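One structure is given here, and the rest of the page talks about it.
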Amino acid sequence: MKRSASPAPPVSPPPLKRKIESTTTSQAVASFFTPASQKKPEKVTWRIVNNSLVVGKYSKDHTQNQQLQGDGKRKVAAFDLTDPVTQDSTLISTASGNTFAKDPRDWKWWHNKVPERIKQLDAEGYQIVILSNQKKINLQNEIKGGRSESKSLSNFKEKVVAVMRQLDVPLSVYAATKYDEYRKPRTGMWHEFLDDYDLDIEDRVDLQGSFFVGDAAGRPGDHSCVDRNFAANIGITFKTPEEFFLDASPEQIVRDFDPASYIDTEAGSAAPPTFSKRHPLELVIFCGSPGAGKSTFYWKHLKPLGYERVNQDILKTRQKCIKVAKEHLAEGTSVAVDNTNPDPETRAHWTEVAKELKVPIRCVYFTAPPALCRHNDAVRAANPSLLVCPCPMILTHRSTEPRIPQPPPGMAFADFARRFREPQLSEGFEDIVRVDFRFDGDEEAKKLWCQFWV
């Protein structure tokens with residue numbers, strides 16, 4: 001009797017299969033087997049604006065549902081996507097559960113209600129748009145036997161196309177890749193979108209009926225409030241993903257900085273401090289963070305009194321600043337040292353100069369907190385035709401020096417915060433003039449300054 005051979009045992013156990021939500025639709029499969037001559041034109045188009053903003057558009061073959069309302073306005077449903085840096089999730093998250101996606105196919109819907117709700121909005125006539133910060137995208141082309149787009153951009157496009165095809169509704173995605181006018185909470189992406197859809201004409205958008213959904217909402221545990229602040233800058237309703245898709249109750253808001261609070265709390269307060277010259281010849285040094293308004297204070301208050309300005313951004317080194325300051329003082333001209341001078345060690349260089357030349361030394365201390373200084377610096381950088389001035393806080397057309405290039409904001413602010421010690425009379429100052437922040441400007445300037453910029 002012939003014995004049947006038993007099957008050979010496997011060399012190793014079969015790998016465990018992990019279920020991941022498919023990003024391929026039946027429509028895509030059918031398209032794969034369709035002859036090229038019968039295929040319809042690709043629905044997704046891409047472009048890059050100012051080497052910064054990535055724009056993708058998914059169009060439909062049939063007549064789009066987006067129609068103007070009876071009053072001639074269009075409602076907009078805007079969404080964040082996901083932020084690979086902060087791991088925020090609004091429409092999608094990683095399918096693997098990893099903090100960062102392993103590849104362009106490692107994604108799933110944030111909740112199974114997402115695609116159904118998006119399609120419902122399309123049926124209701126909303127213009128749908130995705131507005132997302134994507135700073136990890138590198139737009140620099142790689143040269144490997146020819147020019148090609150970077151891997152990060154290619155991966156982003158592949159993921160977004162899969163999302164668009166599953167939704168299969170007309171929509172666009174705008175991705176800000178740099179820290180510029182396009183990055184939320186700044187409104188550059190929004191205005192680019194309005195221009196693309198001819199909605200930039202006044203009263204073409206129903207702001208009251210439009211909304212933005214995002215996860216950076218200023219809640220306890222959120223990394224920031226940029227999505228909520230972005231919606232506030234535009235003037236539309238804001239909702240978190242939980243509120244919009246799951247009908248959750250609004251949570252407590254924690255904002256590190258709200259410029260409007262300075263307008264409200266300082267309105268009607270005491271008059272701004274004035275500065276007067278106390279001696280025919282004196283040395284004045286400033287102490288304050290970048291963005292505190294030191295240079296503007298000089299042009300407004302000290303320049304008219306005849307003080308010569310010494311600034312390390314211009315002269316490059318402290319030794320050169322000291323040399324120039326001594327030359328002015330030797331000629332009988334008072335000097336204002338417009339540097340941050342954050343600690344006693346730095347300020348001691350100037351008290352030694354005062355002792356050597358036997359002139360009184362005074363200190364002007366700018367008390368603006370770090371968040372306010374970052375805001376001022378961002379307003380000034382984003383609006384080069386405007387001048388930011390504290391005490392009172394005034395926005396006017398710039399008429400003084402051109403803006404000097406500064407180190408990256410994070411470096412400059414962090415360095416000052418690390419070294420800062422409040423100035424004391426015991427350091428050798430005759431007096432310390434405290435300059436607290438207050439705002440004073442016209443309505444146009446106030447509207448600009450009260451936007452969120454950081």
Side-chain angles (χ1 to χ4, degrees), residues 273-368 373 376-377 380 387-391 398-407 411-413 415-436:
T274 58
F275 183 91
S276 58
K277 198 171 187 178
R278 300 183 63 175
H279 305 280
L281 183 65
E282 60 186 19
L283 175 61
V284 175
I285 73 168
F286 292 169
C287 173
S289 168
K294 300 181 298 298
S295 297
T296 300
F297 189 84
Y298 165 78
W299 294 109
K300 182 176 178 62
H301 295 284
L302 277 75
K303 177 64 175 177
L305 297 176
Y307 290 82
E308 286 293 338
R309 177 173 178 254
V310 171
N311 178 263
Q312 194 164 321
D313 290 332
I314 297 174
L315 299 176
K316 305 305 181 184
T317 67
R318 181 187 298 121
Q319 290 73 17
K320 186 65 178 296
C321 289
I322 291 175
K323 177 179 181 295
V324 172
K326 285 183 176 181
E327 291 173 352
H328 287 310
L329 291 169
E331 294 172 356
T333 304
S334 294
V335 170
V337 181
D338 178 10
N339 297 331
T340 59
N341 298 311
D343 51 44
E345 292 76 16
T346 303
R347 296 189 288 264
H349 292 284
W350 294 107
T351 55
E352 287 299 319
V353 170
K355 289 178 183 179
E356 177 185 340
L357 299 183
K358 295 181 175 56
V359 297
I361 182 170
R362 306 168 64 191
C363 179
V364 179
Y365 169 37
F366 296 83
T367 66
C373 292
N376 285 341
D377 192 68
R380 178 173 56 189
L387 177 66
V388 182
C389 171
C391 312
R398 181 182 297 275
S399 58
T400 56
E401 63 183 300
R403 178 163 168 75
I404 303 298
Q406 297 292 328
M411 293 174 54
F413 289 113
D415 181 67
F416 178 84
R418 176 179 58 83
R419 299 169 53 196
F420 173 69
R421 299 293 183 277
E422 185 173 333
Q424 305 292 330
L425 290 174
S426 58
E427 296 178 41
F429 300 117
E430 181 178 277
D431 69 340
I432 297 175
V433 179
R434 183 184 178 96
V435 178
D436 297 327

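Remember, it's a predicted structure, so these values are computed and weren't measured experimentally.
In summary, the side chains of Thr346 and Arg419 do present a donor paired with an acceptor at a separation below 3.5 Å, with no hydrogens or angles considered.
Looking only at side-chain heavy atoms (C-beta outward), Arg347 and Cys287 come within less than 4.5 Å of each other. Looking only at side-chain heavy atoms (C-beta outward), Tyr365 and Phe429 stay at 4.5 Å or farther from each other. Side-chain contact between Val364 and Tyr298: absent, with no pair of heavy atoms (C-beta onward) separated by less than 4.5 Å. With a 4.5 Å cut-off on side-chain heavy atoms, Arg318 and Asn339 do not count as touching. The side-chain heavy atoms of Arg309 and Lys303, taken from C-beta on, include no pair separated by under 4.5 Å. Between Ile361 and Val359 the shortest side-chain heavy-atom distance does not fall below 4.5 Å.
With sequence neighbours left out, the ring-ring contact (aromatic ring centres under 6.0 Å, His included) criterion links Phe286 to Phe366. Remark: Phe416 pairs with Phe420 by the ring-ring contact (aromatic ring centres under 6.0 Å, His included) rule, at least two apart or across chains.
Side-chain N or O atoms of Glu427 include one that pairs as donor or acceptor with a backbone N or O of Gln424 at under 3.5 Å. Not one N or O on the side chain of Thr340 forms a donor-acceptor pair closer than 3.5 Å with the backbone of Gly288.
Residue Cys373 comes nearest to Ala368 through the heavy atom pair SG-O, 3.5 Å, listed as atom of the first residue, atom of the second, then distance. In this structure, Ser334 and Pro280 approach most closely via the heavy-atom pair OG-O, 3.4 Å. Between Gly291 and Arg380, the shortest heavy-atom distance links the atoms CA-NH2, 3.8 Å. Heavy atoms only, all atoms of each residue included: Pro360 and Leu281 are closest at CD-O, 3.5 Å.
The CD atom of Glu430 sits 10.0 Å away from atom CG of Leu425, with the distance rounded to the nearest 0.5 Å. A distance of 9.0 Å separates NE2 in His349 from OG1 in Thr351, rounded to the nearest 0.5 Å. Note that CG of Leu283 and NZ of Lys355 are 13.0 Å apart. Values are rounded to the nearest 0.5 Å. From Asn341, atom CG reaches atom CD1 of Ile285 across 4.5 Å, with rounding to the nearest 0.5 Å. The NZ atom of Lys323 lies 10.0 Å from the NE2 atom of His328; values are rounded to the nearest 0.5 Å. Taking OG of Ser295 as the reference point, atom CG of Leu302 lies at 11.5 Å (rounded to 0.5 Å).
Applying the 6.0 Å contact sphere to NZ of Lys320 captures no more than 12 heavy atoms from other residues, nucleotides or ligands.
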Next on the checklist: Walk me through whether Glu308 and Glu327 qualify under side-chain contact (heavy atoms from CB on, under 4.5 Å).
Outcome noted: CA-CA 11 Å; Glu308 286 293 338; Glu327 291 173 352; over 6 Å; no
Next on the checklist: Could you go through Lys277 and Tyr307, starting from their C-alpha distance and side-chain angles, then the distance that decides it, and tell me whether this counts as side-chain contact (heavy atoms from CB on, under 4.5 Å)?
Outcome noted: CA-CA 9 Å; Lys277 198 171 187 178; Tyr307 290 82; 3.1 Å; yes
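Note on Asp338 versus Lys294: no salt bridge recorded, every NZ/NE/NH1/NH2 to OD/OE distance being 4.0 Å or above.
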